[in-house]
Amino acid sequence: VQLQASGGGLVQAGGSLRLSCAASGRTFSNNGMGWFRQAPGHEREFVASIGWSGGNTYYTESVRGRFTISRDNAKQTLYLQMNNLKPEDTGLYYCAANRAAIAAITPDSYNYWGQGTLVTVSS
């Protein structure tokens with residue numbers, strides 16, 4: 001499956017962004033999906049994930065209550081709504097897909113990765 005992330009940009013602290021990840025190739029609804037991010041000088045970290053049906057979602061503690069992951073299987077698109085953004089949310093955001101169709105939280109659980117979209121939050 002091919003993944004194309006978009007929607008990143010520069011925003012002030014407290015602002016909002018909505019990331020999208022368009023999928024093509026393998027049937028989107030057969031995949032669990034996730035968002036990861038990588039800040040400069042840091043390892044890639046888990047942000048949020050969602051199972052194939054959208055019924056199961058997981059978030060890292062630092063974004064719970066501010067970010068919402070969702071998917072539209074008919075449009076083959078994954079979303080990440082990010083509200084009340086903080087400077088520490090800055091990083092390159094990647095979407096990923098796993099063939100197991102689960103809401104996995106570790107990078108090695110994912111088989112396909114997008115190219116990343118940059119989010120910069122200024123204080």
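Values below: every heavy atom of this structure, side chains too, minus hydrogens, waters and symmetry copies.
Side-chain atoms of T90 come within 3.5 Å of backbone atoms of V121 as a donor-acceptor pair (strictly under, hydrogens ignored). A distance-only check finds a donor-acceptor pair linking the side chain of N111 to the backbone of R99 [under 3.5 Å]. Side-chain N or O atoms of D89 include none that pairs as donor or acceptor with a backbone N or O of A13 at under 3.5 Å. Under the 3.5 Å distance criterion, the side-chain polar atoms of Q76 are matched with a main-chain donor or acceptor of A23. In this structure a side-chain-to-backbone donor-acceptor pair under 3.5 Å is present from S49 to A104. Without hydrogens or angle criteria, R44 side chain to L92 main chain gives no donor-acceptor distance under 3.5 Å.
Between Y93 and F67, the two ring planes are tilted [angle within 30° to 60°].
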Evaluate the criterion side chain to side chain contact (heavy atoms under 4.5 Å, CB included) for residue pair V119 and L19; output intermediate values, then yes/no. CA-CA 9 Å; V119 173; L19 305 184; 4.1 Å; yes
Does W35 form a side chain to side chain contact (heavy atoms under 4.5 Å, CB included) with L78? I'd like the steps, not just the answer. CA-CA 9 Å; W35 288 100; L78 174 73; 3.3 Å; yes
The test is side chain to side chain contact (heavy atoms under 4.5 Å, CB included); show your working for E45 and R37 and say whether it passes. CA-CA 5 Å; E45 66 169 351; R37 66 187 179 190; 2.6 Å; yes
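One distance of note links OG of S109 with CG of N98; it measures 7.0 Å at 0.5 Å rounding. Remark: Q115 CD to Q4 CD distance equals 4.0 Å, nearest 0.5 Å. Taken from CG in L80 to OG in S70, the straight-line distance is 8.5 Å, to the nearest 0.5 Å. Note that the CD1 atom of I105 and the OG1 atom of T60 stand 8.5 Å from one another [nearest 0.5 Å]. Between the OG1 atom in T57 and the CZ atom in R64 there is a gap of 9.0 Å [rounded to 0.5 Å]. Note that OG1 of T117 and CG of L17 are 8.5 Å apart. Values are rounded to the nearest 0.5 Å.
If you look at F36 and Y110, their ring centroids are closer than 6.0 Å.
Under a hydrophobic clustering in which Ile, Leu, Val, Met, Phe, Trp and Tyr are joined whenever their side-chain heavy atoms come within less than 4.5 Å, directly or via other members, L3 and F46 fall into different clusters. The same ILVMFWY cluster, assembled from side-chain heavy atoms under 4.5 Å apart, contains both Y59 and L85. Linking ILVMFWY residues whenever their side-chain heavy atoms come closer than 4.5 Å, directly or via other members, leaves V63 and L118 in distinct clusters. Taking hydrophobic clusters as Ile, Leu, Val, Met, Phe, Trp and Tyr residues chained together by side-chain heavy-atom distances below 4.5 Å, M82 shares a cluster with V47.
The two residues A103 and G51 have their closest heavy-atom pair at CB-N, 3.6 Å.
Results of the side chain to side chain contact (heavy atoms under 4.5 Å, CB included) test with M33 over F28, Y79, Y112 single out F28 as the only residue that passes.
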